[in-house]
Amino acid sequence: MFDTPHRRYNPLKDEWILVSPQRLSRPWQGDEGETEEQPPSYDPECYLCPGNGRITGEHNPDYDGVFVFKNDFAALMEDVPVEQSDDPLFRAETTSGECHVICFSPDHGKSMPQLSREQIRAVVDTWCELSERLGQTYASVQIFENKGAMMGCSNPHPHGQVWAASHVPDELRRENDSMRGHFVNFGTPMLLDLAKREAELGERVVVQTDHWLAIVPYWAEWPFETLLLPRFPVQRMPDLNAEQRDDLAVALRALTARYDNLFQCSFPYSMGWHGAPFGEDDAAHWQLHAHFYPPLLRSATIRKFMVGYEMLAEAQRDLTPEKAADMLRSMSDTRFSEQNR
Ligand SMILES: O=C1CCN([C@@H]2O[C@H](COP(=O)(O)O)[C@@H](O)[C@H]2O)C(=O)N1
């Protein structure tokens, strides 16, 4: 079949999956075992550190802020022939896109809660700039971060990624449809209503700032899953103004610090932003938001697995979202390693 990035359709679950057959050769620097608590601020073997060579032989500049480079093993490619198969059982279509890696700072050992608010603001600005630029060409711009070896992170140097694609991926499509349905029924954006109600209730709030609210959602699946919501109407990342971006840096630092303080470890997660697809004008039903999906359950080493009943029936949890929010809320919003400094 296709040997370039393409999508395959699963008629049983009404879901698509992206297949990137050419990605099998990417290097693996993820640490399988326990990572030491504080990695060094520079690692001569790291493919992401300033001045170091990457696997392709290309050298990183001696950067001192956020550094973005095009993924050498991209899961999506720009010039892909338009092809599709309409076989009712073996549907497929090609898709094009771009993948970039975002190194948060030159420091190999400092994750988000250890960065200054100014450094986190620089990451937020990079997210906004990349969204704006890639959104002029692609329908979806997925900003995300895989943190920790437990989340398959192949390199411990704190970094995120952005994968822009000509299609609207399944998760975005589902949320788009749900939010549009809510807007048709109630005339308001679902997640703006949610932010108002949750701020009034308080029981699932983890972090609250002037413009942002982090909650453990009522319907959370992962034990300490959180949803980061704007408390104002906004559809896409580039729409954020300077004050909202500064406040977002405050909220991100507080949320990730509480996560690390929970089990006194660098708390693994996959996080990412969802914004209105680009090229669509009617986005009034949309609210930009971020999902944090952390796997840990009871300690720095005990994780939840979505297996068995979760795979065959539906997600199941023992710890209630309200209890999880209460545990996170009772943590300091300054990381344990930054206290008493
Ligand atoms: O020299 C390199 C090393 C890693 N990478 C890329 O960096 C990315 C690291 O992100 P993850 O740790 O989330 O896998 C990964 O997608 C990998 O393809 C390069 O592009 N060049």
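Each residue takes its place number in the sequence, starting with 1. For ligands, and for the atoms within them, numbers begin at 1 and follow the listed sequence. It should be emphasised that the depicted structure is a prediction, and the values quoted were computed from it without experimental measurement.
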Participant: Over 60° means perpendicular and under 30° means parallel, so classify the ring planes of Phe267 and Phe224, tilted if in between.
Facilitator: perpendicular
Participant: Taking 4.0 angstrom as the limit, do Asp326 and Arg329 come out as a salt bridge?
Facilitator: yes
Participant: Does Arg253 pair with Asp333 as a salt bridge, N-O distance under 4.0 Å?
Facilitator: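 Judged by the 4.0 Å cut-off on N to carboxylate O distance, Arg253 and Asp333 do not form a salt bridge.
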Participant: With atoms numbered from 1 as shown, which atoms in ligand 1 lie under 4.0 angstrom from a non-hydrogen atom of Asp72?
Facilitator: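 It comes down to these atoms of ligand 1: 1 (O), 2 (C), 19 (C), 20 (O), 21 (N).
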Participant: When Phe144 is tested against each of Trp273, Trp163, Trp127 for ring-ring contact (aromatic ring centres under 6.0 Å, His included), which residue passes?
Facilitator: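 Only one option passes, and that is Trp163.
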Participant: Between Lys304 and Glu310, is the closest basic N to carboxylate O distance under 4.0 Å?
Facilitator: yes
Participant: Pull out every atom of ligand 1 sitting under 4.0 Å from any heavy atom of Asn146, numbered as shown with elements.
Facilitator: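 Counting from 1, the qualifying ligand atoms are 13 (O).
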Participant: Given Gly152, Ser270, Ser154, which one has a non-hydrogen atom that is nearest to atom 14 (O) of ligand 1?
Facilitator: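 Going through Gly152, Ser270, Ser154 one by one, Ser154 has the nearest heavy atom to atom 14 (O) of ligand 1.
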Participant: Can you list the atoms of ligand 1 that are under 4.0 Å from a heavy atom of Cys153?
Facilitator: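 Every atom of ligand 1 under 4.0 Å from some heavy atom of Cys153: 12 (O).
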Participant: Check ligand 1 against Asn155 and write out every atom of the ligand that is under 4.0 Å from a heavy-atom position of the residue.
Facilitator: 12 (O)
Participant: Hey, which atoms in ligand 1 end up nearer than 4.0 Å to a heavy atom of Ile55?
Facilitator: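 The list of qualifying atoms is 1 (O), 2 (C).
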Participant: May I ask you to decide whether Arg231 forms a salt bridge with Asp210, counting only side-chain N to carboxylate O separations under 4.0 Å?
Facilitator: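 No, this pair does not count.
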Participant: Which of the numbered atoms in ligand 1 are below 4.0 angstrom from a heavy atom of Gln161?
Facilitator: 10 (O), 11 (P), 13 (O), 14 (O), 16 (O)
Participant: Counting only nitrogen or oxygen atoms and a 3.5 angstrom limit, does His159 reach ligand 1?
Facilitator: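 Yes; at least one N/O pair falls below 3.5 Å.
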Participant: One residue to check: Asn71. Relative to ligand 1, which of side chain, backbone, both or neither has a non-hydrogen atom less than 4.0 Å away?
Facilitator: both
Participant: Can we say Arg173 and Asp170 salt-bridge, meaning some charged N sits less than 4.0 Å from an Asp/Glu carboxylate O?
Facilitator: yes
Participant: Can you list the ligand 1 atoms lying under 4.0 Å from a non-hydrogen atom of Phe73?
Facilitator: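 Close to Phe73: 18 (O).
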Participant: Any idea which atoms of ligand 1 are less than 4.0 Å away from a heavy-atom of Tyr47?
Facilitator: 1 (O), 3 (C)
Participant: Cation over ring, Arg204 on Tyr218, under 6.0 Å and within 45°?
Facilitator: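 Cation-pi check for Arg204 and Tyr218: fails.
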